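In what follows, every heavy atom counts, from backbone to side chain, and hydrogens, waters and symmetry copies are set aside. What you are looking at is a predicted structure, and each value in this text was computed from that prediction instead of being measured.
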Amino acid sequence: MSLIIRSSSIHAAGCYTTAPIRKRTRIVEYTGPHISKTRADEKYQDSPTTYLFGLGNGETVIDGFGLAMFINHSCDPNCETKEIKGRVWISSLRNIAAGEELTYDYNLYDGDEDEAFCNCGSPNCRKSMYSPEELTRRARAARRAQKKAEAASNQKAGKKSVAKKKRGGTAGRKVSK
């Protein structure tokens, strides 16, 4: 396969093909040492850039090395990844013209508070490299946190109004004649 690394409008450097690629072609393997997720978290704790690819249930990752680590994310990708016996292959989803940048949907599912903003520029861009499922999970968690914060705020406000009532006000109490 004729692949080159050069500047990308998506992110710094990207992987491009110099020859046409037919649909469903296995293009390149995502290579690198297989390490535990825990080890990767320790190794890249303060690093803004990682080239990690989760395997299976995500407890093991490939610490990217080689051409495939330069394939950028897109919400409208021309490639996909397939895990086959502990190896990850990037294959074409459609015919790809010579000179096109190779992309796949990262579908991130882990990243703590990192926003993982997407820069793909596709018309259907979801503005994040996280998977739709992860974005839904995060939105639910944010709503739960907001409700909890509102409840705590309301409870605190309720205590203040009780304190006002004790000072002799009649607000909130039914007064009988």
Side-chain angles (χ1 to χ4, degrees), residues 1-45 47-141:
M1 197 66 43
S2 300
L3 303 176
I4 61 169
I5 306 305
R6 68 174 199 230
S7 293
S8 167
S9 62
I10 296 174
H11 177 75
C15 185
Y16 294 78
T17 179
T18 59
I21 299 173
R22 294 178 57 95
K23 182 178 181 176
R24 291 192 220 42
T25 298
R26 189 182 284 183
I27 300 169
V28 64
E29 182 180 3
Y30 198 100
T31 59
H34 292 210
I35 61 176
S36 72
K37 181 185 176 306
T38 303
R39 172 68 185 116
D41 288 345
E42 292 167 0
K43 183 176 180 180
Y44 293 105
Q45 180 178 358
S47 178
T49 307
T50 62
Y51 297 97
L52 302 172
F53 196 105
L55 295 171
N57 65 4
E59 290 303 313
T60 300
V61 298
I62 298 174
D63 191 357
F65 182 80
L67 286 172
M69 70 186 233
F70 291 100
I71 300 176
N72 286 317
H73 163 85
S74 176
C75 296
D76 187 21
N78 54 18
C79 296
E80 66 182 345
T81 60
K82 293 182 181 178
E83 183 178 336
I84 303 168
K85 298 180 182 176
R87 296 171 72 182
V88 175
W89 295 93
I90 289 91
S91 301
S92 56
L93 285 169
R94 61 169 174 78
N95 291 336
I96 302 173
E100 257 189 271
E101 182 174 3
L102 303 180
T103 60
Y104 64 89
D105 190 333
Y106 286 6
N107 283 309
L108 298 179
Y109 57 88
D110 185 3
D112 303 321
E113 299 302 315
D114 180 20
E115 293 296 326
F117 292 113
C118 176
N119 300 309
C120 76
S122 72
N124 63 339
C125 180
R126 61 183 179 266
K127 308 293 184 221
S128 176
M129 292 185 283
Y130 284 108
S131 69
E133 297 80 12
E134 179 65 10
L135 290 173
T136 299
R137 186 195 69 74
R138 286 171 174 247
R140 283 184 191 139

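Under the 30°/60° scheme for interplanar angles, the aromatic rings of Tyr51 and Phe70 are found to be tilted.
Rounding to the nearest 0.5 angstrom, the gap separating the OH atom in Tyr106 from the OG atom in Ser131 is 15.0 Å. Here CD of Glu115 is found 11.0 Å from CE of Met129. Values are rounded to the nearest 0.5 Å. Atom-to-atom distance recorded for Ile27:CD1 and Ser2:OG is 12.0 Å, nearest 0.5 angstrom. Note that CG of Asp41 and OG1 of Thr50 are 9.5 Å apart. Values are rounded to the nearest 0.5 Å. Atoms CG and NZ, from Asn57 and Lys37 in turn, are 11.0 Å apart once rounded to the nearest 0.5 Å.
Looking at Arg39 and Asp63, no side-chain N of the basic residue comes within less than 4.0 Å of a carboxylate O on the acidic one, giving no salt bridge. Ion pairing between Arg126 and Asp105 holds under the 4.0 Å rule for side-chain N and carboxylate O. With respect to Glu134 and Arg138, a salt bridge is recorded, a charged nitrogen being found less than 4.0 Å from a carboxylate O. Note on Glu100 versus Arg94: salt bridge recorded, some NZ/NE/NH1/NH2 to OD/OE distance being below 4.0 Å.
For Ser128 (side chain) and Tyr130 (main-chain N/O), a donor-acceptor pair under 3.5 Å exists by modelled atom type. With hydrogens and angles ignored, the 3.5 Å screen pairs a side-chain donor or acceptor of Glu83 with a backbone N or O of Gly56. In this structure, the side chain of Thr60 does not engage the main chain of Ile35 through any donor-acceptor pair within 3.5 Å. A donor-acceptor pair under 3.5 Å links the side-chain atoms of Asn95 to the main chain of Lys23, judged by distance alone. At distances below 3.5 Å, not a single donor-acceptor pair connects side-chain atoms of His34 with backbone N or O atoms of Ile62. At distances below 3.5 Å, not a single donor-acceptor pair connects side-chain atoms of Thr18 with backbone N or O atoms of Leu3. Although no hydrogens or angles enter the test, the distance criterion places a donor-acceptor pair under 3.5 Å between the side chain of Ser92 and the main chain of Arg22.
Residues Leu67 and Ile5 are in side-chain contact: their nearest non-hydrogen atoms beyond the backbone lie under 4.5 Å apart. In this structure the side chain of Val28 reaches within 4.5 angstrom of the side chain of Ile71, judged on heavy atoms. Residues Pro132 and Asn107 are in side-chain contact: their nearest non-hydrogen atoms beyond the backbone lie under 4.5 Å apart.
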Test log, rule side-chain contact (heavy atoms from CB on, under 4.5 Å), inputs Ile84 and Arg26:
CA-CA 12 Å; Ile84 303 168; Arg26 189 182 284 183; 3.4 Å; yes
Between Ile21 and Leu102, is the side-chain contact (heavy atoms from CB on, under 4.5 Å) condition met? List the steps.
CA-CA 10 Å; Ile21 299 173; Leu102 303 180; 4.2 Å; yes
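Heavy-atom minimum distance, Thr17 versus Ala97: CG2-O, 3.4 Å. The two atoms that bring Cys120 and His73 nearest to each other are CB-O, 3.9 Å, heavy atoms only. Looking at every heavy atom in both residues, Gly99 comes nearest to Tyr16 through O-CD2, 3.3 Å. Among all heavy-atom pairs drawn from Ser122 and Cys75, the shortest one is OG-CB, 3.8 Å. Across all non-hydrogen atoms, the minimal contact from Leu93 to Cys79 is CD1-O, 3.3 Å. Closest non-hydrogen pair, Thr49 versus Tyr44, comes out as O-CD2, 4.0 Å.
In this structure Tyr30 satisfies the ring pair (Phe, Tyr, Trp, His ring centres under 6.0 Å) test together with Phe53, sequence neighbours excluded.
In this structure, a donor-acceptor pair under 3.5 Å is absent between the side chains of Glu80 and Ser91. For the residue pair Asn72 / Thr103, no side-chain donor-acceptor distance below 3.5 Å is found, with atom types taken as modelled.
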